[in-house]
Amino acid sequence: MTNIDATNTDVQTAQPQPTSVHARIGAALTGAAIPADLLDLDARDPLAHKREEFTLPGGVVYLDGNSLGALPRAVPERLQRVAAQEWGDALIRSWGAGAAEGRDWMNLPDRVAAKIAPLIGALPHEVAVTDSTGVNTFKVLAAALKLAPAGRRVILTDAENFPTDLYIAQGLLDLLGGGYELRRVNPDALGEHLTADVAALLLTEVDYRTGRRLDMAAVTAQARAAGVLTVWDLAHSAGAFPVDLRGAGADFAVGCGYKFLNGGPGAPSFLFVSERHLGAMNAAPVAISGWMGHADPFEMDRAFTPAPGARRFVPGTPMVLSLSALDSALDVFEGVDLHALRAKSLSLTDTFIRLMEPLCARFPLTLVTPQEHVRRGSQVSYRHPQAREVMADLIGGGVIGDYRTPDILRFGFTPLYHSHADVARAVAGVQAALEARA
Ligand SMILES: Cc1ncc(COP(=O)(O)O)c(C=O)c1O
Ligand SMILES: Nc1ccccc1C(=O)C[C@H](N)C(=O)O
């Protein structure tokens, strides 16, 4: 139920009189008094049992599932089976063996896509799982530009978007040459920028630094009314709260497999293409068309015929090991009510913000995450002039969050494995870190 209970006593016994900053933080975590109202919230938490489905180290509160999700307990066994049996024993036969029972490697990307689809409000054939998020961003942006009328050659994006989104978009436009432009604007003032030369709008729903969430439905409607195709980066959304791409009328999306989907380091990314575009896209191959996205790869046809759905975006041989880990990790979401997930995420971040308030009064901490629920993802961030050093202290002491340039302390909350008691412990750790530094 909590991250650190059973195994953190060594910190206390070894350091009865904390002497270093790390030990002081560790002792604060272990000794934190958990307020009764938080214990009560945890006792009534409908997702509390999910914590048992993860392996987390003792002595830490892990607040970085928005960078690398924790390890689901079932994954190592699955990887062992894939390596020893499917690879070691069955060898090449595994590509096709067990197709009827859904165990063949060839269709593994599609089975994983079908598990991600309900988390993002998509149909299974609208989702593909392959490559990195950046590469998928390239492919869907290229598809969007191909669908847009010839006069529309601008990709509009958030000036402060995650760097890879900016780099990838610029790289694609450089390749296309004359007349194409990446226009970086403030996403809170989009209206004036949705002009007749804009082909696509590339936005990240939840900002990686501030945790600010955009109104996907409203922005998508605004873009559609202006004839602009939308490409949503769901890196910090998928698996953190329900996403409704179809409900919003989104055109394309991408997202990471290793953050809130817990697929492990380097897990394949997903992409979404609305089924209303699949027909129009049949006429031309996607930008990176490989044989695994062909309608019939082993026909070895010299001409490319796209697979019927989003599978056409899987260019090459499926990454079986990492796909298997992600496939197993996604089983954690079975039976999870995504609205309960969102409610718990908000309760955790609300609690964190409330418990941090006295520290904001005492130390140079400034909350940068919106307080308004509809504008918040599943993380809380503060500015601090020594954010880099403070986070290094925190990580050393067992509160694992992130430092982000230039001055951001970032704390990610994963409602599947965090409790409100974890929140109280984390704040006790932050308090110890700031007091030690002061
Ligand atoms: C918003 C966002 N987009 C894209 C990425 C990068 O994804 P990848 O490294 O899989 O290309 C990240 C994090 O790494 C991210 O936070
Ligand atoms: N893929 C990584 C590899 C190494 C270290 C961090 C990452 C992240 O994902 C960072 C994340 N995008 C972030 O918003 O901070």
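Counting convention: from 1, in listed order, for ligands and their atoms alike. Computed from a prediction, not measured in an experiment: that's the story for all the values here. One is the number of the first residue; the rest follow in order along the sequence.
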Practice problem: Look at the rings of His277 and Phe252 and say which category their plane angle falls in: under 30° parallel, 30 to 60° tilted, over 60° perpendicular. | Solution: parallel
Quiz item: What atoms in ligand 1 come closer than 4.0 Å to a heavy atom of Thr204?
Solution: 1 (C)
Quiz item: Excluding sequence neighbours, so at least two apart, what forms ring-ring contact (aromatic ring centres under 6.0 Å, His included) with Tyr167?
Solution: none
Exercise. Kindly state whether the ring of Phe304 and the ring of His294 have centres lying under 6.0 angstrom apart.
Key: yes
Quiz item: What are the atoms of ligand 1, with element, lying closer than 4.0 Å to any heavy atom of Asp165?
Solution: 3 (N), 4 (C)
Quiz item: How about Asn282 and Arg312: does a side-chain donor come under 3.5 Å of a side-chain acceptor?
Solution: yes
Practice problem: Locate the shortest heavy-atom distance separating Tyr417 from Asn262; write the atom from each residue and the value. | Solution: CE2-OD1, 4.1 Å
Quiz item: Which is closest to atom 3 (N) of ligand 1 by heavy-atom distance: Asp233, Asn136, Ile168?
Solution: Asp233
Quiz item: Does a donor on one side chain sit under 3.5 Å from an acceptor on the other, for His420 and Asp45?
Solution: no
Quiz prompt | Side chains of Ile155 and Leu173 in contact at under 4.5 Å (non-hydrogen atoms) | solution = yes
Quiz item: How far is atom 11 (O) of ligand 1 from its nearest protein heavy atom, and which residue and atom is that?
Solution: Gly134 N, 2.8 Å
Quiz item: Identify the closest protein heavy atom to atom 13 (C) of ligand 1: which residue and atom is it, and at what distance?
Solution: Lys259 NZ, 3.0 Å
Self-check item: Every residue of the protein that comes under 4.0 Å of ligand 2, judged on heavy atoms
Solution: Ser67, Phe162, Tyr208, His236, Tyr258, Lys259, Arg404, Arg410
Exercise. Apply side-chain hydrogen bond (donor to acceptor under 3.5 Å, both in side chains) to the pair Thr230 and Asp251, showing each step before the final yes or no.
Key: CA-CA 5 Å; Thr230 48; Asp251 299 288; 3.2 Å; yes
Exercise. Identify whether the distance between the nearest side-chain nitrogen and carboxylate oxygen of Arg213 and Glu205 falls below 4.0 Å.
Key: yes
Exercise. Answer yes or no: does an N/O atom from His236 fall short of 3.5 Å to an N/O atom of ligand 1?
Key: yes
Self-check item: Nearest neighbour of atom 7 (O) of ligand 1 from the list Tyr167, Phe162, Phe138, Tyr258, on a heavy-atom basis
Solution: Tyr258
Self-check item: Proximity to ligand 1 by part of Thr133, non-hydrogen separation under 4.0 Å
Solution: both
Quiz prompt | side chain to side chain contact (heavy atoms under 4.5 Å, CB included) between Ser381 and Thr369, intermediate numbers included | solution = CA-CA 6 Å; Ser381 302; Thr369 302; 3.8 Å; yes
